[in-house]
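Residue numbers start from 1 in every chain, and the chains themselves are labelled A, B, ... in the order their sequence lines are given, proteins ahead of strands.
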Protein chains: 2
Amino acid sequence: MIDDDLSLTFAALADPTRRSILAQLTRGEATVKELAAPHAMSLPAVSRHLKVLERAGLVVKGREAQWRPCRLETAPLRDVDAWMAPYRQFFEDRFDRLEQHLRSLMTDSTDEESR
Amino acid sequence: MIDDDLSLTFAALADPTRRSILAQLTRGEATVKELAAPHAMSLPAVSRHLKVLERAGLVVKGREAQWRPCRLETAPLRDVDAWMAPYRQFFEDRFDRLEQHLRSLMTDSTDEESR
DNA sequence: CATGTAATTACCTCACTTGTTAATTAACGA
DNA sequence: TCGTTAATTAACAAGTGAGGTAATTACATG
């Protein structure tokens with residue numbers, strides 16, 4: 001994808017293996033081999049997944065001897081969050097309404113207080 | 001993509017044209033032709049983009065004579081929002097600190113009311 | 001019924017992604 | 001220096017994505 005940052009980020013997130021890698025990295029730094037371990041996949045494949053995440057800015061790779069400790073970088077996720085903002089009202093309203101509905105159900109079943 | 005819902009959603013969002021279409025739909029329903037108008041692209045191309053969005057559940061198409069009024073559906077975005085939750089702590093801390101900083105700047109410059 | 005409009009489907013092309021195995025680079029350590 | 005380990009790169013196959021034009025479907029209307 002020769003696209004913008006947001007497209008790069010979304011494309012990076014559009015793969016279960018890569019999302020799994022990100023989840024792993026929330027538990028701290030890890031080497032490529034460590035990140036590859038839980039995935040039924042060759043090491044080069046995981047290495048390329050990491051490259052995609054790196055290109056999207058979601059992962060930063062360091063160098064320690066022959067290891068490449070990978071670290072989570074959430075800046076692109078903040079951009080996703082910002083992109084979501086205009087859409088949030090479309091589902092947060094309904095959620096609020098649902099929450100309100102559930103709350104009214106509770107008050108109805110237990111005791112009075114109509115509005 | 002023979003993947004899960006989240007991958008389908010992220011893949012659908014990983015294209016500027018499709019995100020532009022979603023933005024258009026926040027301003028109300030629109031036909032395929034209307035959605036295609038702002039994009040320097042053939043109608044079939046836009047039709048296929050809509051199919052991707054539809055498959056991801058982000059767009060619902062109705063039928064009115066020969067028109068297919070498209071409507072925004074944000075349920076998948078709520079799933080994205082939920083997926084982001086564990087990562088939010090990694091960047092919201094900083095944002096909260098910024099918000100707090102800005103708020104303190106405001107109260108400092110205008111007048112009192114600390115807590 | 002013929003015509004025009006909205007939209008999709010068919011067909012083709014080009015480029016990229018994802019996975020594999022084999023080879024290569026880089027660094028440590030006996 | 002030789003062998004081992006970590007990781008990447010090379011080379012290949014298969015699948016997918018995105019675009020175009022041409023043909024087709026579906027509906028409305030003169």
Original post:
With no hydrogens and no angle check, is any side-chain donor or acceptor of A:Y87 less than 3.5 Å from a backbone partner on B:T26?
Top reply: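 No: the side chain of A:Y87 does not pair with the backbone of B:T26.
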Original post:
On a plain distance test, is the side chain of A:R48 in donor-acceptor contact with the base of C:dT20 below 3.5 Å?
Top reply: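 Pair found.
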Out of [options], whichever nucleotide has its closest atom nearest the side chain of [X]:
{"X": "B:K33", "options": "D:dA6, C:dA7, D:dG20", "answer": "C:dA7"}
{"X": "A:S47", "options": "D:dT8, C:dT20, C:dA7", "answer": "D:dT8"}
{"X": "A:K51", "options": "D:dA18, D:dT9, C:dT8", "answer": "D:dT9"}
{"X": "A:A45", "options": "D:dG20, C:dG19, C:dT8", "answer": "C:dG19"}
{"X": "A:P44", "options": "C:dT18, D:dT8, C:dT8", "answer": "D:dT8"}

Let me know the distance between [atom1] of [X] and [atom2] of [N], rounded to the nearest Å.
{"X": "A:E34", "N": "D:dT5", "atom1": "CD", "atom2": "P", "answer": "16 Å"}
{"X": "B:R19", "N": "D:dA18", "atom1": "CZ", "atom2": "P", "answer": "12 Å"}
{"X": "B:D15", "N": "C:dC16", "atom1": "CG", "atom2": "C1'", "answer": "14 Å"}
{"X": "B:E54", "N": "C:dT8", "atom1": "CD", "atom2": "P", "answer": "8 Å"}
{"X": "A:M41", "N": "C:dT18", "atom1": "CE", "atom2": "C1'", "answer": "8 Å"}
{"X": "A:L50", "N": "C:dG19", "atom1": "CG", "atom2": "P", "answer": "12 Å"}
{"X": "B:I21", "N": "D:dA18", "atom1": "CD1", "atom2": "C1'", "answer": "13 Å"}
{"X": "A:L43", "N": "C:dA23", "atom1": "CG", "atom2": "C1'", "answer": "14 Å"}

Subject >> Nearest-0.5 Å distance that lies between atom CZ in B:F91 and atom OG1 in A:T74 >> reply: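 So the CZ of B:F91 and the OG1 of A:T74 are separated by 6.5 Å.
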Give me the atom names and distance for the closest heavy-atom approach of [X] to [Y].
{"X": "B:K33", "Y": "B:L43", "result": "CA-CD1, 3.9 Å"}
{"X": "A:E34", "Y": "A:Q24", "result": "O-NE2, 3.4 Å"}
{"X": "B:V59", "Y": "B:E73", "result": "N-CB, 4.3 Å"}

Original post:
A:K61: what forms a salt bridge (charged side-chain N to carboxylate O under 4.0 Å, His left out) with it, not counting sequence neighbours?
Top reply: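 With sequence neighbours excluded, A:K61 shows a salt bridge (charged side-chain N to carboxylate O under 4.0 Å, His left out) to A:E54, given in chain and number order.
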Original post:
Does B:S42 place a side-chain N or O at less than 4.0 Å from the phosphate oxygens OP1/OP2 of D:dG20?
Top reply: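 Yes.
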**OP:** Verify the contact: side-chain N or O of B:H49 to OP1 or OP2 of D:dG19, cut-off strictly under 4.0 Å; return yes or no.
**Re:**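 Yes, such a contact exists.
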Original post:
Is there a residue in residues 59-70 of chain A whose heavy atoms reach under 4.0 Å of DNA chain D, and which residues are they?
Top reply: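 The answer is A:K61, A:Q66, A:W67, A:R68.
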Original post:
Without hydrogens or angle criteria, can the side chains of A:R19 and B:S7 be said to hold a donor-acceptor pair below 3.5 Å?
Top reply: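 Yes, because at least one side-chain N or O of A:R19 sits under 3.5 Å from a partner of the opposite role on B:S7.
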